Colleague: 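Questions regarding the structure given below will be posed in turn.
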Amino acid sequence: NAGVTQTPKFRVLKTGQSMTLLCAQDMNHEYMYWYRQDPGMGLRLIHYSVGEGTTAKGEVPDGYNVSRLKKQNFLLGLESAAPSQTSVYFCASSLVVVNEQFFGPGTRLTVL
Amino acid sequence: KQEVTQIPAALSVPEGENLVLNCSFTDSAIYNLQWFRQDPGKGLTSLLLIQSSQREQTSGRLNASLDKSSGRSTLYIAASQPGDSATYLCAASGYSTLTFGKGTMLLVSP
């Protein structure tokens, strides 16, 4: 099993460009999450999904959109990137909320 | 809103020492408390998960305890090794999501 994978690993964008981050898991997990990690701020939840076709806002959802069309995939979109979105983005999944979360390796995004 | 605090923010110890990392949370209505390890430039790896009905969990040289009533959890690392050097994060589980602390950066020197 590959666990949780994220693509791409690194990306540099210019302000105003758009992009989509892809998260995939092969563990048949119901819950999937997108976090961002910034120095001094810790991990903050952007959006999450409790099952295929569902999404919900987390702590810092502004400027991001998500979709969960397939159970194994969770996409994070930036429609118009801003320098404040420079961060490391992590995807995670869990079977249900009371189970441990498994994390992907992260995507390092820089917005110039 | 749940808030999770980890003390200390950084810790440096010589190899072989036993050490304790602290985690406190403001809302005791949690489903579980999880401890993670993060190596530089890497993702998070789950170390221990303590369900709300449990008091502690052990894995090898790691022991995590949970006191819901006081809003505290501790991670005990026995006989520390240089390979234990990493950032350790705790996270409190609510109904659907985890709230993370900012972590304790641990350096174990040979």
Side-chain angles (χ1 to χ4, degrees), chain A residues 2-7 9-10 21 23-25 27 29-51 54-61 66 68 74 87-109, chain B residues 1-10 21 23-27 29-54 57 59 62 64 66 68 73 75 86-105:
Chain A
V4 180
T5 58
Q6 294 182 233
T7 52
K9 289 184 170 52
F10 303 92
L21 282 67
C23 176
Q25 53 93 4
M27 297 173 283
H29 285 172
E30 291 293 333
Y31 285 63
M32 296 187 75
Y33 310 84
W34 276 108
Y35 297 92
R36 60 178 290 173
Q37 187 175 38
D38 304 289
M41 300 295 293
L43 271 160
R44 292 180 292 169
L45 183 65
I46 305 171
H47 286 280
Y48 64 101
S49 168
V50 301
T54 75
T55 62
K57 294 180 180 179
E59 181 184 357
V60 288
V66 287
R68 183 102 181 265
F74 195 29
S87 186
V88 180
Y89 291 85
F90 289 102
C91 175
S93 72
S94 63
L95 188 59
V96 292
V97 68
V98 294
N99 288 93
E100 65 181 307
Q101 286 194 10
F102 293 83
F103 279 74
T107 295
R108 186 173 297 274
L109 175 66
Chain B
K1 178 187 173 186
Q2 179 74 272
E3 292 183 3
V4 178
T5 303
Q6 291 188 246
I7 294 174
L21 307 181
C23 172
S24 62
F25 47 95
T26 55
D27 185 352
I30 62 172
Y31 283 85
N32 62 55
L33 193 291
Q34 299 182 34
W35 282 93
F36 295 87
R37 168 184 173 139
Q38 185 176 28
D39 293 292
K42 305 291 186 183
L44 281 68
T45 301
S46 179
L47 295 173
L48 290 165
L49 182 152
I50 313 174
Q51 299 291 357
S52 61
S53 58
Q54 298 175 320
Q57 279 286 339
S59 175
L62 306 179
L66 175 63
K68 273 186 56 176
S73 176
L75 179 67
T87 297
Y88 291 81
L89 298 100
C90 69
S93 174
Y95 180 71
S96 298
T97 63
L98 291 179
T99 301
F100 283 83
K102 294 181 180 179
T104 294
M105 186 181 302

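A quick note: this is a predicted structure, and the numbers were derived from the prediction, not measured. So that the names make sense, note that chain A is the first sequence line, chain B the second, and so on, each numbered from 1.
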Colleague: Quick one: of B:A9, B:G103, B:G101, B:G43, who has the most non-hydrogen atom pairs under 4.5 Å with chain A?
Modeller: B:G43
Colleague: Below 30° counts as parallel, above 60° as perpendicular, anything between as tilted: where do the rings of A:F90 and A:F103 land?
Modeller: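 A:F90 vs A:F103 ring planes: perpendicular.
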Colleague: Checking heavy atoms, do the side chain of A:L43, its backbone, both or neither come under 4.5 Å from chain B?
Modeller: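 Both the backbone and the side chain of A:L43 come within 4.5 Å of chain B.
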Colleague: Report which part of A:E59 has an atom under 4.5 Å of a heavy atom belonging to chain B: side chain, backbone, both, or neither.
Modeller: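 Answer is side chain: those atoms of A:E59 sit under 4.5 Å from chain B.
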Colleague: Do A:Y35 and B:F100 make the cut of ring centroids closer than 6.0 angstrom?
Modeller: yes
Colleague: Would you call B:D27-B:K1 a salt bridge at under 4.0 Å N-O?
Modeller: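 A salt bridge is absent here (no side-chain N lies under 4.0 Å from a carboxylate O).
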Colleague: Between A:Q37 and B:Q38, is any side-chain donor less than 3.5 angstrom from a side-chain acceptor?
Modeller: yes
Colleague: Chain B heavy atoms under 4.5 Å from A:F102: which part of the residue, side chain, backbone, both or neither?
Modeller: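 Contact with chain B is absent: no heavy atom of A:F102 under 4.5 Å.
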